[in-house]
Amino acid sequence: MPELPEVETVRKTLKHLTVGKEIKDVSIFWGNIIKQPKDPNAFGDLLRGQSIKDIDRKGKFLIFHLDDIALVSHLRMEGKFGVYDGTLEKPKHTHVIFHFTDGTELRYNDVRKFGTMHAFKKGEEALNKPLVQLGPDPFDEAFTLDYFHQRLLKTSRNMKAVLLDQSLVAGLGNIYVDEALFRAGLHPERTANTLTREEAESIREASITVILEAIEQGGTTIRSYLNSQGEIGMFQQQLRVYGKQDMECLNCGTPIVKTKVGGRGTHVCPVCQPLHVSE
DNA sequence: CTCAGTACCTGGTTGC
DNA sequence: TGCAACCAGGTACTGA
């Protein structure tokens with residue numbers, strides 16, 4: 001469930017379900033999920049006996065604040081957390097289980113095993129990869145027009161790639177980049193350093209709006225899958241181009257086109273998002 | 001340094 | 001039906 005609004009929804013749910021619980025033990029069934037410390041046993045040693053104080057988020061990362069440790073986790077494509085009764089049998093794709101002293105468990109489930117977990121001593125998480133390389137969230141006050149436009153002027157990459165770059169702005173993924181570009185009327189293959197200040201402001205505002213609206217709606221649920229607590233986002237009803245190929249553009253009626261930009265499936269209205277200005 | 005291509009994984013869908 | 005190829009909401013690493 002992985003762009004910023006989905007991660008934010010997970011954060012809120014997990015916070016209610018886990019704050020105050022103490023980790024009695026950790027079971028790891030697929031060690032590659034654990035990136036820091038590299039040895040999964042050392043990871044378990046750090047977490048044992050720690051209680052969950054709070055859950056935070058930066059970009060698409062969840063940050064579990066424990067007594068002396070910060071656990072940073074990324075869901076990548078299909079990672080899900082859920083809290084369950086510890087007596088239930090482990091499903092096939094559950095790779096990490098945090099056993100709580102009250103008999104419940106926080107389980108990490110991930111069909112593709114792409115997700116990551118980093119454990120740091122309290123305070124060090126912000127100084128190290130992966131968090132240190134993140135840009136501001138879209139609605140951060142640090143995401144100013146000056147900052148954004150300056151960054152755009154420094155690169156000849158296309159806008160699709162730039163908006164997916166988490167070091168410039170954190171939290172946008174394939175769905176929200178397509179949606180924001182459509183709302184700003186910009187073509188995904190526009191070269192970043194050709195944007196006017198007005199165009200930069202337009203896409204900056206569209207990014208913020210789309211992300212905030214999606215958070216309000218509980219995120220986007222596609223490919224009909226619920227997260228582990230059975231919740232479902234509603235923002236898919238607001239999507240205007242993502243997954244809408246061959247359907248009529250809501251603005252002009254032209255069929256939405258699906259192409260590939262930078263290796264990612266990309267949805268665009270060829271009329272509302274012209275690549276070249278028509279004369 | 002930047003950037004495009006590839007690697008990491010599994011499973012659902014598409015097309016012959 | 002069978003099966004290969006392609007696709008998926010992401011990012012780290014490689015080498016040009």
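Quick note on labels: first sequence line is chain A, next is B, and so on, each numbered from 1.
- Ion pairing between Glu201(A) and Arg197(A) fails under the 4.0 Å rule for side-chain N and carboxylate O.
- The distance from atom NZ of Lys35(A) to atom C1' of dA7(B) is 11 Å, rounded to the nearest whole Å.
- Rounded to an integer number of Å, the gap from CE of Met77(A) to C1' of dG10(C) is 6 Å.
- A cation-pi contact, defined as under 6.0 Å to the ring centre and within 45° of the axis, links Lys90(A) to Phe29(A).
- The side chain of Lys258(A) sits closest to dA8(C) out of dC9(B), dA8(C), dG10(C).
- The same atom, P, is picked in dT14(B) and in dG9(C); the two are 15 Å apart, to the nearest Å.
- For Lys60(A) and dT11(C), the shortest distance from a side-chain N or O to OP1 or OP2 is below 4.0 Å.
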(request) Kindly determine whether Asp67(A) and Lys53(A) satisfy salt bridge (charged side-chain N to carboxylate O under 4.0 Å, His left out), including the steps that lead there. (result) CA-CA 7 Å; Asp67(A) 294 311; Lys53(A) 300 291 199 196; 3.1 Å; yes
(request) For Asp68(A) and Lys121(A), run salt bridge (charged side-chain N to carboxylate O under 4.0 Å, His left out): C-alpha distance rounded to whole Å, both residues' side-chain angles, the deciding distance at 0.1 Å, then the answer. (result) CA-CA 6 Å; Asp68(A) 312 309; Lys121(A) 295 277 188 198; over 6 Å; no
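- Here the nucleotide nearest the side chain of Glu3(A), chosen from dG10(C), dG11(B), dC9(B), is dG10(C).
- Between Arg264(A) atom CZ and dC7(C) atom C1' there is a gap of 11 Å when expressed in whole angstrom units.
- At the phosphate of dC9(B), neither OP1 nor OP2 sits under 4.0 Å from any side-chain N or O atom of His93(A).
- When both distances must be under 3.5 Å, the Watson-Crick or G-U wobble mate of dG9(C) does not exist.
- Of the candidates dC13(C), dA12(C), dA8(C), dA8(C) carries the atom nearest the Arg112(A) side chain, counting heavy atoms from C-beta on.
- The CG-P distance, from Asn193(A) to dC3(B), rounds to 9 Å in whole Å.
- Phosphate proximity of dC3(B) to Ser156(A): present, with a side-chain N or O under 4.0 Å from OP1 or OP2.
- At dT2(B), none of the side-chain N or O atoms of Thr155(A) fall inside 4.0 Å of OP1 or OP2 (strictly under the cut-off).
- Atom P of nucleotide dA12(C) and atom CG of Leu131(A) are separated by 11 Å, given to the nearest angstrom.
- A stacking contact links Phe114(A) to dC8(B): the aromatic ring centre lies within less than 5.5 Å of the base's six-membered ring centre, and the planes differ by less than 30°.
- Thr209(A) contributes a side-chain N or O that, together with a main-chain N or O of Glu205(A), makes up a donor-acceptor pair within less than 3.5 Å.
- Residue Lys260(A) places at least one side-chain N or O under 4.0 Å from the OP1 or OP2 atom of dC7(C).
- OP1 or OP2 of dT10(B) sits under 4.0 Å from a side-chain N or O of Lys113(A).
- In this structure, Gln166(A) reaches the dT11(C) phosphate: one of its side-chain N or O atoms is under 4.0 Å from OP1 or OP2.
- Taking atom CZ of Arg157(A) as the reference point, atom P of dC1(B) lies 15 Å away to the nearest angstrom.
- Within the nucleic acid shown, Asn32(A) comes within 4.0 Å of sugar-phosphate atoms alone, with no base atom in reach, counting heavy atoms only.
- Residue Asp110(A) contributes atom CG, which lies 13 Å from atom P of dT11(C) at whole-angstrom precision.
- When heavy atoms are screened at a 4.0 angstrom cut-off, Lys154(A) is found touching no nucleic acid atom at all.
- Look at the P atom in both dC6(C) and dT6(B): the space between them is 13 Å, to the nearest Å.
- Taking only side-chain atoms of Lys92(A), from C-beta outward, the nucleotide of dG11(B), dG9(C), dT11(C) with the closest atom is dG11(B).
- Close to dT11(C), at under 4.0 Å from its OP1 or OP2, lies no side-chain N or O of Gln133(A).
- We find that Asp137(A) and Arg57(A) are joined by a salt bridge, their nearest charged nitrogen and carboxylate oxygen being less than 4.0 Å apart.
- Taking the charged nitrogens against the carboxylate oxygens, Asp56(A) and Arg11(A) have no contact shorter than 4.0 Å, which rules out a salt bridge.
- Residue contacts shown for Thr116(A) are absent, as no nucleic acid heavy atom lies under 4.0 Å away.
- Asn109(A) places its CG atom 14 Å from the C1' atom of dC9(B), with the value rounded to the nearest Å.
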